[in-house]
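Counting begins at 1 with the first residue of the sequence.
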Amino acid sequence: MALTLLRGIQTRPLFPCSSAFVTRKHVLFCSMQSTQTETTMKTKQQPHSNFTETARAKAVEKALKDFEAIIGIETHVQLATMTKAFCSCAYSYGDQPNSCVCPVCMGLPGALPVLNSKVIEYAVMLGLALNCKLSMNSKFDRKQYFYPDLPKGYQISQFDIPIATNGFIDLDLPLEFGGGHRRFGITRVHMEEDAGKLLHTGTGNYSQVDLNRAGVPLLEIVSEPDMRTGIEAAEYAAELQRVVRYLGVSNGNMQEGSLRCDVNVSIRPIGQLEFGTKVEIKNLNAFSAMSRAIDFEIARQAALYNEGKAEEIVQETRLWEEGSQKTVTMRKKEGLADYRYFPEPDLPEVILTEEYVNGIHDSLPELPDMKRRRYEDMGLSMQDILFLANDVNVADYFEATIAKVPDIKLATNWIMGDIAAYMKNEKLSINEIKLSPQELGELIASIKSGTISGKIGKEIVDPVEIEKIVDKVIANNPKQLEQYRGGKTKLQGFFAGQLLYRVDKARSLELDFCSSRSFKMYVLPFFFSRNSTSNGRPAGFLSFCVGVQKQT
């Protein structure tokens, strides 16, 4: 296994992380938007007007006629380990402030760090996934700076010998953004610890410090300055999110700070080889915000160039304000000399063995780009591919479905159509619906065999129509309903018969279909619990015929 001279390592198990599937209005949703919670957060922010969008687009289009944008991204990925990087403190997003701390992560005198071995494992996994060259001997360094939320006054990081270097990531742009394949270089991946968090008051009179996050393990991924537009940058970040979720090393949720991107933007006149002055942008909590912030910054810098004020473009850190849709100065950017790196004296060298690396390499899952290429070979369109491969859980659901019934196009249409629409309306992930891939496969098989038509198949999963019928059955049988609530559970058969009869009458279905296994599978889940009631219906009424529970 990987050695840190043995004495400096703790073995920590994997912290289970979740991956949520989020439907989009358009099927080309896999990029430029974050998770469902991120979308909810954005709705609370001040919306940007169509005029602002149009004006920004025109300004960027004008700027790129004379200037070339140079964009690089530093991405911090919070690792899904059970404990922090150098101590045994657990960390969970949303815990009470300063409840997950100890002398080590608080930087108290005399406390010594002990490295969590899972951090090394995840770093090697991500380095391999990003096609990097691994450093078989690497070390930790101290990065000196003082922030109120960094209690030690320095950050344990890696400087001159990071664990992985010289990699790349491949992605496919959605058709709505021009399509095509892109490869972006990865400069380095290095291990480090996170700082705490400042909680600012509404009045701005003071700030509070929460040190729960101090010492949480991070992997920082530094890209080459290969991106030229906000769209490319956002797509790159979205692909990184997919990769870490496929690997299971992080949940990648931007709204929790599990994936944070700092974007560096400069422009230069077309034809000039020398880079312009780099500006860093922070406070980007969604991929769409990243694209807009970059577009604004390109237009801002181009305007200064055109006005003869190029000297006003200085190396600094700027914040993105979602409400005003602009970047504002936060602080002047520090240089390497300001950080005064030197080797971390309390942690030994990290030594990897070929056996350890090969073992991790052999355990890697199929990654997003590999999956997209395989789906291409299956004959799927890029539109379908980007939808299905965006989330590993959706991809697994799709593959389990076609394993049951090998009709790739029908399975794709059902998942991208009715199922995706339902999940969007109900705000559910694909793991939360109760229609299993095997049951979807049986439904598709029934349609293919002619047992039911495609139209009937969709009607079977029409909750509105089925709910109307159930309402009538309940309203017309108050005596039986009261007896059922009183514990006479055998009346369940009575309600099933009433439901079957009314569906048959409403849909003019053949009687043999009404008694078929498929019909029972998809309609009989409309049964209810006998315990409490709500709004006149028994609790636990299943409003979706494929078994998604809804209290009504």
- Item | Salt bridge present between D141 and K143 (N-O < 4.0 angstrom) | no
- Query: So which of Y154, Y341, F159, F86 actually passes ring pair (Phe, Tyr, Trp, His ring centres under 6.0 Å) with F140?
  - Reply: F86
- Check ion pair R142-E344 (N to O, under 4.0 angstrom): yes
- For R213, does its backbone N or O pair with a side-chain atom of D194 as donor and acceptor, under 3.5 Å? no
- Message: For Q144 versus R340, what's the shortest heavy-atom pair and its separation?
- Response: CG-O, 3.2 Å
- So, the side chain of Q272 versus the backbone of E274: is there a donor-acceptor pair under 3.5 Å, distance only? yes
- Between I186 and C132, the two heavy atoms sitting closest are CG2-SG, 4.1 Å
- Task: State whether D295 and R292 are salt-bridged, where the test is any N-O pair (Lys NZ or Arg NE/NH1/NH2 against Asp/Glu carboxylate O) under 4.0 Å.
- Result: no
- Message: Is there a side-chain contact between L367 and L247 in this structure, where contact means two heavy atoms from C-beta onward sitting under 4.5 Å apart?
- Response: yes
- Salt-bridge present (E121, K118; N to O < 4.0 Å): yes
- When you check the gap from the basic side-chain N to the acidic O, do R182 and E239 get nearer than 4.0 Å? no
- Checking L284, N283, L218 against R260 for side chain to side chain contact (heavy atoms under 4.5 Å, CB included), the one that qualifies is L218
- Message: Does this structure show an ion pair linking R373 with D172, if we count only N-O contacts that are shorter than 4.0 Å?
- Response: yes
- Can any side-chain N or O of Q325 pair as donor or acceptor with the backbone N or O of E322 at less than 3.5 Å? yes
- Query: Is the shortest distance from a Lys or Arg side-chain nitrogen in K197 or D149 to a carboxylate oxygen in the other one below 4.0 Å?
  - Reply: no
- Charged N to carboxylate O under 4.0 angstrom, K139 versus D160? yes
- Main-chain N/O of Q96 paired to S99 side chain as donor or acceptor, under 3.5 Å: yes
